[in-house]
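Single-structure report; data block below.
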Amino acid sequence: MTLNTEMRVRVADIKQVADHVKRFRFERVDGKPMPVFSGGAHVVVAMRDGAVLRRNPYSLMSSPEDKSGYEISVLRVENSRGGSHFLHDKLKKGDELTVSQPVNLFPMDQRGRKHLFMAGGIGITPFMAMMDQLSKTGEHFELHYAVRTRTHGAYWKDLEQRYGKSRVKIYCDAENLFIPAKAILENQPLGTHLYVCGPHGMIKGVLSTAREQGWPSQNLHSEEFLAPPPGKPFNVKLAKTNKTIEVHSHQSILEALEAAGIDAPYLCRGGACGQCETNVVACSGKLEHNDIFLEPEDKASGKKIMICVSRISGPDITLDL
Amino acid sequence: MNINFKKETFRDDYTFRNSPEAIRRFPFPFHEDKYMYSVNMEPHVPAGPAGHAYNNGIDVDEHFVSEMEDRAKVLKEDPLRYQALPHMMTAQWDTLELLMEQQAAGYPEHFSLTKDGDNWHWINKPMGIDQKFVFGDASTLPMEPLEFITRQAQGDHVIVDQRDGNLWCDAGMVTTQADWSLDFDIGMNFMEWHGPVPLAHNLGIFERALKFLLNLQQGKPVRRLNWTMTINPRLDTSPENYHKWGTDRATVTPENVGNKVHLRCELQSLWRLPRSNAILFVIRCYLIKMEELVTVPKWARRFHRVLRDLPPELVDYKGLTRYRPTTVEWLSKYDDGKPTSPGIFPE
């Protein structure tokens with residue numbers, strides 16, 4: 001028996017908070033309180049866009065204790081698969097959507113003596129909820145936030161005001177200011193935990209700097225939701241039910257299965273959590289692994305695939321489903 | 001539902017008994033006529049016939065008051081049965097909220113919780129407790145939040161922290177355990193504390209269970225049943241007190257099986273906690289005497305078959321070696337060889 005705990009919500013407010021960034025506030029249609037959550041959690045937002053049902057993960061940025069509603073911020077991506085365009089261009093106040101229960105794949109380490117945050121662009125969102133939570137329990141944190149221009153960066157003014165310039169540092173590309181990761185990481189007290197969220201290159205760079213300086217891997221945390229990249233269409237054969245389903249260019253395997261009415265397990269839909277790991281029975285093409293969950297040896301084995309973001313180049317793949 | 005709380009003991013004179021209603025609601029752990037380890041987890045949603053232990057998320061029954069008295073005695077002798085590492089304070093508050101809300105929602109005649117912002121008011125009528133406090137401010141409670149609430153909730157409670165792709169046993173209240181020790185296991189990870197379990201490791205059970213639990217979702221608790229056997233209705237079968245109960249296992253005779261030998265079932269429920277992202281692991285112990293168990297013919301037949309055919313490694317690990325033959329012999333009188341219906345509930 002599967003338990004459906006998704007929540008029907010109404011768009012209570014939409015606000016343009018920076019260039020290409022809008023904030024959306026959701027409140028429950030049934031008037032019940034939202035569950036409280038932990039900083040770093042995300043929800044999967046299900047949107048009915050014409051004939052297509054889109055499901056995208058977004059970090060929660062509102063106060064974790066605020067049970068009256070959830071807020072997310074969304075960057076309008078140029079080569080969007082459709083989710084950010086739908087939210088920015090079509091969704092209106094009063095419209096209804098469905099959100100999942102909060103899931104946290106980017107939790108804070110409760111043992112941390114100090115929490116050091118590094119955000120790039122829209123990667124700021126999970127840290128807003130984390131800082132709200134930490135400020136209530138009086139814990140030690142510091143934010144380094146890189147924005148492209150002052151008008152691109154959402155929330156930097158609010159954050160400076162709320163937490164003070166000693167805890168919130170802003171770096172603006174347009175002013176030739178970049179996060180001096182090396183200098184910051186060199187000067188942290190014992191027991192500091194580092195959290196990075198932003199573009200792929202930034203996460204990679206900051207984490208490798210930290211590793212070079214001998215930071216223990218347990219103290220390094222990052223989150224990155226990968227959108228399933230497009231590719232050529234191919235067929236998925238399901239070994240157990242003997243069905244064949246076509247995966248279109250701009251669809252993930254998971255989305256193609258769902259469109260065909262097949263329930264497959266998922267949590268993050270971004271290649272991070274491991275929930276949708278599926279065994280490969282046969283593959284007549286090359287597996288294109290796009291997740292950050294599988295170990296390199298699993299990827300090389302050709303026996304496993306994360307169907308939320310990975311696909312193949314070739315005619316068909318047979319899955320143990 | 002009004003519960004008639006019993007006055008009884010789980011030590012010395014052992015006056016513990018199940019009423020006929022309590023027998024019918026017992027979470028019998030065998031869904032078929034044999035037993036082997038499996039990742040037997042299912043969604044923890046209300047289930048079973050009216051009155052069954054599965055009806056509420058946190059179950060309260062006729063033994064509540066006496067169990068809490070027994071817990072207080074254990075703690076008085078050994079305060080280390082309650083421990084919480086310093087980083088678990090947020091998870092302590094999460095647990096307090098969950099247990100208060102569940103008990104108040106399931107049993108409004110006996111418990112109530114009112115909230116005015118962070119000013120909370122908790123009433124536990126069966127134990128005569130009326131406490132106003134500020135949620136999040138431990139100085140407004142007579143003791144730490146986890147200790148406060150688990151002195152008022154049946155079953156053992158362990159909070160596991162989630163980090164580094166593992167689960168860590170970092171806080172708990174453990175006084176009704178089947179021979180394991182919180183004081184020994186505190187700070188261990190999931191793989192370490194399951195180290196002693198035989199067979200299951202080779203089956204890959206713990207890897208799968210860990211993977212499953214790491215993705216346990218808020219609002220979707222899960223449950224599983226575990227079991228062992230206990231001689232005399234003793235809740236506190238701890239390693240610390242082994243000298244008090246270990247020798248009981250040599251006292252079983254064909255004459256006293258029905259009264260002395262108990263099936264001990266653990267209803268384990270696991271809950272993702274909202275603020276801390278930790279997991280609350282509730283291990284609720286139910287005891288039933290053989291003479292009570294055989295009043296349900298399906299269970300009598302099935303338990304006879306399970307116990308008779310149990311793999312030797314499990315007989316050893318569960319400590320049943322000395323009294324199993326006597327018990328199987330006694331149970332055989334209640335097994336007429338007829339087929340049993342699927343599932344755990346009485347017919």
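Atoms considered below: every heavy atom in the structure, side chains included; atoms not considered: hydrogens, waters and symmetry mates. Throughout, protein chains are lettered first and strands after them, A, B, ... in sequence-line order, and every chain is numbered starting at 1.
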| field | Euclidean distance, A:R111 CZ relative to B:D170 CG, rounded to 0.5 Å | value | 8.0 Å
| Given a strict heavy-atom distance threshold of 4.5 Å, which part of B:D161 is in contact with chain A: side chain, backbone, both, or neither? | side chain
| task | Report yes if some heavy atom in the side chain of B:R163 is under 4.5 Å from a heavy atom in the side chain of A:Q218; otherwise report no. | result | no
| Non-hydrogen side-chain atoms of B:Q217 and A:T5 separated by less than 4.5 Å | no
| query | Could you give the distance from CD (A:Q110) to CZ (B:R275), rounded to the nearest 0.5 Å? | reply | 12.0 Å
| For chain B, which residues from residues 269-281 of chain A have at least one heavy atom closer than 4.5 Å to it? | A:C273, A:G274, A:Q275, A:E277
| Should A:Q101 and B:R272 count as side-chain neighbours, where that means a heavy-atom distance under 4.5 Å? | no
| note | Honestly, the part of A:N104 sitting under 4.5 Å from a heavy atom of chain B is both
| request: Tell me, yes or no, whether the heavy-atom count around A:K204 atom NZ, taken from other residues, nucleotides or ligands under 6.0 Å, exceeds 12. | output: no
| said: Looking at A:K303, I want to see if its NZ is surrounded by more than 12 non-hydrogen atoms of other residues, nucleotides or ligands under 6.0 Å. | reply: no
| task | Evaluate the criterion side-chain contact (heavy atoms from CB on, under 4.5 Å) for residue pair A:V103 and B:Q218; output intermediate values, then yes/no. | result | CA-CA 7 Å; A:V103 174; B:Q218 218 173 306; over 6 Å; no
| Nearest heavy-atom pair of B:S276 and A:S38: which atoms, and what distance? | N-CB, 4.4 Å
| Point-to-point distance, once rounded to the nearest 0.5 Å, from OG1 of B:T90 to CD of A:Q133 | 6.5 Å
| With only heavy atoms counted, which part of A:V36 is less than 4.5 Å from chain B, the side chain, the backbone, both or neither? | both
| Any side-chain heavy-atom pair of B:N215 and A:L105 under 4.5 Å | yes
| Is the number of heavy atoms from other residues, nucleotides or ligands under 6.0 Å of A:R162 CZ greater than 12? | yes
| Which portion of A:P102 sits near chain B, non-hydrogen atoms under 4.5 angstrom | both
